Amino acid sequence: MQRWSKLFIPTLREAPTDAEVASHKLLLRAGYIRQLGAGIYSYLPLGQRAINKIVAIVREEMDKIGQEFLLPTLNPRELWEESGRYEVMGDNMFKLKDRKGAELVLAMTHEEVMTSIARNELRSYKQLPQIWYQIQTKFRDEPRPKSGLLRVRQFLMKDAYSFDIDTAGLDKSYDLHDAAYRAIFTRCGLEFVAVEADSGAMGGSGSQEFMVYTEAGEDLIASSVSGYAANLEKATSQLAPVEDLAPTGDGTPELIHTPGKGAIADICEFLSILPSQDIKCVAFMGTRSAHPAGEPLRPIVAFLRGDHQVNETKLNAIAGTAELRPMLPEELALYIGGPAGYLGPIGIEQVMTNGSLNGLKSGKPLDKLKGVSRENAGEGLKTIVVLDPGLAGRKNLVAGANKLDHHFRNVTPERDFSTTLTADIRNVNEGELDPIGGQPLRLGKAVEIGHIFKLGTKYTESMGARVLDTNGKEVTPIMGCYGIGIERILTSAIESSAAKFAAAGNADQYALPATIAPYQVVVTVTNIKEANLLVEGEKIAANLSDASIDVLLDDRDERAGVKFKDAELIGVPYRINIGKKLAEGQVEIVDRLSGTTTDISLDNITAHLQSLLTTSN
RNA sequence: CGGGGCGUAGCGCAGUCUGGUAGCGCACCUGCUUCGGGAGCAGGGGGUCGGAGGUUCGAAUCCUCUCGCCCCGACCA
């Protein structure tokens, strides 16, 4: 049991103006944290207690599958040069020199250190598999720290690394982490989704991000109850069938006069058609990744359903480009042949072939690619034309005619125009059905709380870790890496809770799950000047404490209102009010998660609270 | 790194345009009253006005430089 009167819990009535997101404001107001610099925070006692509870849960679950290490943050520069990441990380890594002038870095993550231990110590398949983890401070010189504890330059991470003799072993280590992570986040009271992530160019065969929906998040994800979840850059959906228009005239493209109907909404109203029966044209100039100076911009034209939006990340991936900007009017005229508002697929000359596109994506120099130069123009390139699958197989669509104030009817893809390729380049929309279970998609911002990743041999290979297999042959162990952002568990719990309170009309309120709250219950003595209230409060708190419940006794000489507000501010999920009803042998138990208040007789308090704590976990 | 904003008491702010020697609310200390939803009254303590330089008889205020923080974007192993 701890007494509030003896503790340092500096709550604030108002949040500093610098705080924008809910968790940042509330963490400051509740006296959990204080800011020391951009992306640098001190944890005050309350914050440290919550962090410790989270760490304890993480440790307990991780100890079931692995072994805990503690690795140095101070790393020699050479170690990072061995893996090639000294260059790759660039300015994101803090760098310093010691008194002799030797160069050191502050570790952003620990693949290098773990791999160096592995290569020095692991010799045989008999020593595998290994799962090694640690819970430790990471340093990253973020270009823009923000949102309180959500993006910082120094933070706690649980990072784990697995070493296996083969991919079957890696699969098993990965699955163990998947299960452990689900157990950890569930115990922390988070509603999370596991998103299939891009395993990237590392040759990895699997990667999942664990996400919590919150407006403060930096990623956009789509998920459904059937278990489908994906980043918006990857998400797809089933499209409900669209009825095509009947052909007019002889069924071939028919030019119609549509003065002043450049916008999709206008043309749809004018012709009494649906946006899904119209072809939207979006035109970009793209630059390649590793863009050589002076390389010309690449024209990219996307066609998709009138009611769909382009996802530029998807389009970049398809086109082999890194950045897009809208085409200028003269570029529209050159590459498509029409004015904005009346752009369409018919009449585009110099469409790039799919084969050249592959060369482009693989990074071949332009002069090695066939058919990419536009001969007549002398400058500029063939146009990449991408058709979204939402238009594939459709017919009799309406499209711009590349002529001011004119459209075509009866436009049928592939029959009437050719494309470089057909590829998914659109954003999914809220409520569309997911591709695996056909359930409605939920779209929203989310924060990443964990990531598991089949890493492969990137580090064991480059840093020379080798073991002997059953045949006495030297092989390279296969690694997995697995991270959890400790503070993000706390912040996302607060964000989620605050959002629920806000939705119910209560601003600036939250309650933490009992498993990670700094205390499980606050015993509020409404008036310590009434001796019997204080005595009974102390007794109740002692009993709860004896029952292994983490209890904070509010024995301060403050008015009841102040104590209620403070107890709510610090996010403790349960409160016991010792007040007037004591005369009738009763106290109130306030359950902030459910918003209910119950009168309980003195001899039932501990049992009642225990049942609340059990069911809420 | 590009764009925008802000630095005045622990927190929230006014004062800056138009120079005259710093103020309000909350918090804090003392006393009295009050005592179940951030109390009332009275008295009190606390500020190199982010920093440096300059203009001026005089600078929180005007000028120059600089540091820091926040937001949007870029970036994010």
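Order of the sequence lines sets the chain letters (A, B, ...), proteins ahead of strands, with each chain counted from 1. Computed from a prediction, not measured in an experiment: that's the story for all the values here.
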Searching all strands shown, indicate the nucleotide that pairs with [N] (Watson-Crick or G-U wobble; both distances under 3.5 Å).
{"N": "B:rG36", "value": "none"}
{"N": "B:rG31", "value": "B:rC41"}
{"N": "B:rA74", "value": "none"}
{"N": "B:rG25", "value": "B:rC11"}
{"N": "B:rU61", "value": "none"}

Next item on the list: Please list, by residue number, the residues of residues 489-504 of chain A whose heavy atoms come closer than 4.0 Å to an atom of RNA chain B; answer none if no residue qualifies.
Entry: none
What N/O pairs connect the protein and nucleotides 30-33 of chain B at under 3.5 Å? Give each pair on its own line.
none

Margin query: I'd like to know whether NZ of A:Lys95 has more than 12 heavy-atom contacts from other residues, nucleotides or ligands below 6.0 angstrom.
Written below: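 Yes, enclosed.
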Provide the full list of salt bridge (charged side-chain N to carboxylate O under 4.0 Å, His left out) pairs with a residue in [range], sequence neighbours left out, each pair given once.
{"range": "residues 560-570 of chain A", "value": "A:Arg556-A:Asp566, A:Glu568-A:Arg575"}
{"range": "residues 487-502 of chain A", "value": "A:Glu191-A:Lys500"}
{"range": "residues 310-321 of chain A", "value": "A:Lys314-A:Asp424"}

Please list, chain by chain and in numerical order, all residues satisfying side chain to side chain contact (heavy atoms under 4.5 Å, CB included) with [X], sequence neighbours excluded.
{"X": "A:Leu104", "result": "A:Leu74, A:Leu96, A:Asp98"}
{"X": "A:Glu588", "result": "A:Asn577, A:Lys581, A:Thr597, A:Asp599"}
{"X": "A:Pro10", "result": "A:Phe8, A:Arg34, A:Leu44"}
{"X": "A:Ala19", "result": "A:His24, A:Lys25, A:Leu28"}

Check: Which residues pass the salt bridge (Lys or Arg N to Asp or Glu O under 4.0 Å) test with A:Glu20, sequence neighbours left out?
Finding: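 Testing A:Glu20 for salt bridge (Lys or Arg N to Asp or Glu O under 4.0 Å), a comparison that skips the adjacent residues, returns none.
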Expected rows: protein N/O vs nucleotides 1-11 of chain B N/O, under 3.5 Å:
unit_1 : atom_1 : unit_2  : atom_2 : d
B:rC11 : O2'    : A:Glu14 : O      : 3.1

Roughly how far apart, to the nearest Å, are [N] and [M] at atom [atom1]?
{"N": "B:rC24", "M": "B:rG31", "atom1": "P", "answer": "24 Å"}
{"N": "B:rG4", "M": "B:rC76", "atom1": "P", "answer": "24 Å"}
{"N": "B:rG46", "M": "B:rU18", "atom1": "C1'", "answer": "31 Å"}

Margin query: Check whether A:Gln48 reaches the backbone of A:Pro45 with its side chain - one donor and one acceptor, N or O, closer than 3.5 Å.
Written below: no
Note to self: Distance check needed: B:rC72 C1' versus A:Glu218 CD, whole Å only.
What the structure shows: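 Rounding to the nearest Å, CD of A:Glu218 and C1' of B:rC72 are 13 Å apart.
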Item checked: Listed once per pair and sorted, the side-chain hydrogen bond (donor to acceptor under 3.5 Å, both in side chains) pairs that draw on residues 527-536 of chain A, sequence neighbours left out -> A:Lys529-A:Asp557
Next item on the list: Ignoring hydrogens and angles, answer whether the base of B:rG68 and the side-chain atoms of A:Gln35 contain a donor-acceptor pair closer than 3.5 Å.
Entry: no
Margin query: Between B:rG36 and A:Arg575, counting only base atoms on the nucleotide and side-chain atoms on the residue, is there a donor-acceptor pair under 3.5 Å?
Written below: no
